[in-house]
Amino acid sequence: MSNCGAFPNAGGIRPIKYSDGVLRLIDQRLLPTEESWLEYTDYQEVAEAIRSMVVRGAPAIGITAAYGAYFGALAIETENYADFMTEFAQVCDVLAGTRPTAVNLFWALERMKSLARANPDQPVSNLKIGLEYEAMAINEDDIRINMSMGRHGAALLPDQVRILTHCNAGALATGGYGTALGVIRAAVAAGKDVAVFADETRPFLQGSRLTAWELQKDNIQTVLICDNMAGYLMSKGAIDAVIVGADRIAANGDVANKIGTYTVAVLAKEHNIPFYVAAPTSTIDLQIADGSQIPIEERDIREVTHIGEQQLAPAGITVFNPAFDVTPASLVTAIITEHGVAQGNYTEQLATYVRRSG
Ligand code: MRU
């Protein structure tokens with residue numbers, strides 16, 4: 001079954017495709033200049049694809065890890081349930097060790113493990129079939145969820161709107177359609193006059209390489225800016241709303257997202273511009289009371305000192321490269337989920353939405 005056929009109205013880019021036992025990922029490291037697909041059937045290689053950013057973006061990481069868990073399960077040779085569960089836990093641990101911040105990774109692996117836990121009486125061969133279907137369901141649910149989030153978010157926007165976004169929270173970061181860019185796509189589909197300003201998002205350039213690429217493909221009016229230009233644009237009255245995605249949202253509504261998001265939120269507050277976060281309930285981590293407890297990934301310093309092979313900084317310079325920051329709930333105007341829009345008392349509303357997802 002092809003993912004592309006399942007949602008005829010969702011249109012657009014699908015970065016993760018699965019059919020006939022093979023996972024295909026568009027290599028996001030090569031965009032926008034090269035559209036190249038890599039194939040996977042081995043869980044260790046799937047783990048490496050997540051670690052090395054072939055695939056990135058919180059929901060996309062979760063979906064990919066779910067397929068990885070299936071491949072790991074498939075390779076387990078025992079017919080004994082207890083032995084299978086021990087080995088399957090080890091497979092999931094390898095996948096869980098790839099990136100620490102986006103909670104969707106752990107959420108998806110937990111969904112895979114609980115399916116296996118819930119079926120101790122099934123032969124191992126049946127469990128493997130069930131895990132394949134679960135991974136496909138996680139993938140397809142994500143697109144449906146994004147479209148629902150899009151509808152809720154679009155309703156918040158005026159008929160004519162200039163939106164600033166940071167990083168890539170689009171089709172490429174999800175099963176398809178996107179979270180923040182899903183809201184933008186839904187607003188365009190609803191006939192609103194939308195213009196997007198895309199932060200380039202140093203150091204990994206998800207904004208210039210990925211957001212600009214996918215919005216251009218969809219003919220959505222887009223202006224690419226460097227990260228340090230957002231304040232100037234806001235001061236000139238050129239931005240009406242900010243919409244970003246999230247990698248993990250704490251129970252109190254604090255939001256971890258791509259490094260630089262906090263800076264944009266502070267600027268938005270200063271200029272009285274609404275700051276919206278669009279994220280599925282799988283990104284909400286009720287186990288974490290507030291943002292101070294969210295683990296922040298630090299990545300290779302080469303992402304800062306180089307662009308491709310081009311060296312930008314003196315050899316040996318000390319570099320700090322946190323991949324995410326935390327925006328306190330007090331700076332967030334609303335959190336858009338598939339179940340509705342949380343505003344004001346996040347603790348209660350987010351818990352209600354998570355419960356609704358089961
Ligand atoms: O390091 P990345 O590219 O995985 O970071 C991605 C982001 O920060 C996105 O904004 C976030 O995952 C939301 S994606 C729907």
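Note that ligands are numbered from 1 as they come in the structure, with each ligand's atoms numbered from 1 the same way.
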Does Val244 have a heavy atom less than 4.0 Å from any atom of ligand 1? no

message: Pairing donors with acceptors under 3.5 angstrom, does anything connect the side chains of Ser36 and Asp27?
response: no

For the residue pair Asn80 and Thr78, confirm or rule out a side-chain donor-acceptor distance under 3.5 Å. no

We want to know whether Asn321 and Glu298 form a side-chain donor-acceptor pair, criterion being a heavy-atom distance below 3.5 angstrom. no

One finds that the ligand 1 atoms under 4.0 Å from a non-hydrogen atom of Cys167 are 6 (C), 7 (C), 8 (O), 9 (C), 10 (O)

Closest heavy-atom approach to atom 6 (C) of ligand 1 among Glu297, Arg248, Arg56, Gln28 is made by Arg56

message: Below 3.5 Å, N or O to N or O, backbone or side chain included: is there any such pair between Gly245 and ligand 1?
response: no

With a 4.0 Å cut-off on heavy atoms, is Ala246 in contact with ligand 1? yes

Nearest heavy atom to atom 1 (O) of ligand 1, choosing from His166, Met149, Lys258, Arg299, belongs to Lys258

protein heavy-atom neighbour closest to atom 7 (C) of ligand 1 works out as Asp247 OD1, 3.2 Å

Checking heavy atoms under 4.0 Å, the part of Ala279 that sits near ligand 1 is neither

Is Pro59 near ligand 1, meaning one of its heavy atoms is under 4.0 Å from it?
-> yes

Non-hydrogen atom of Phe324 closer than 4.0 Å to ligand 1:
yes

Item to check | Chi angles and distances behind the ring pair (Phe, Tyr, Trp, His ring centres under 6.0 Å) call for Tyr40, Tyr67 | outcome: CA-CA 9 Å; Tyr40 297 90; Tyr67 285 118; over 10 Å; no

Original post:
Between Gln293 and Asp285, is any side-chain donor less than 3.5 angstrom from a side-chain acceptor?
Top reply: no

Checking heavy atoms under 4.0 Å, the part of Ala58 that sits near ligand 1 is both

Under 4.0 Å from one or more heavy atoms of Ala173, ligand 1 contributes atoms 14 (S), 15 (C)

For Arg99, the atoms of ligand 1 under 4.0 Å from one of its heavy atoms are 1 (O), 2 (P), 4 (O)

- [ ] Tell me whether the guanidinium CZ or amine NZ of Arg209 lies under 6.0 angstrom from the six-membered ring centre of Phe204 and within 45° of its axis.
- [x] yes

The closest protein heavy-atom partner of atom 9 (C) of ligand 1 is Asn257 OD1, 3.4 Å

Honestly, for Asn168 the part within reach of ligand 1 (heavy atoms, under 4.0 Å) is backbone

Taking only non-hydrogen atoms of Gln206 and a 4.0 Å limit, the atoms of ligand 1 in range are 1 (O), 2 (P), 3 (O)

Closest non-hydrogen atoms of Val341 and Ala334, given as atom of the first, atom of the second and distance, are CG1-CB, 3.7 Å

Q. More than 12 non-hydrogen atoms from neighbouring residues, nucleotides or ligands closer than 6.0 Å to CG on Asp93, yes or no?
A. yes

Based purely on interatomic distance, does Ala169 place a nitrogen or oxygen under 3.5 Å from a nitrogen or oxygen of ligand 1? no

Pair Asp247, Thr101: side-chain N/O donor-acceptor within cut-off below 3.5 Å
no

Ligand 1 to Thr179, heavy atom cutoff 4.0 Å, flagged ligand atoms 15 (C)

Here the gap from Phe275 atom CZ to Leu267 atom CG, rounded to the nearest 0.5 Å, amounts to 10.5 Å

Are a donor atom and an acceptor atom from the side chains of Glu338 and Thr281 found within less than 3.5 Å of each other? yes

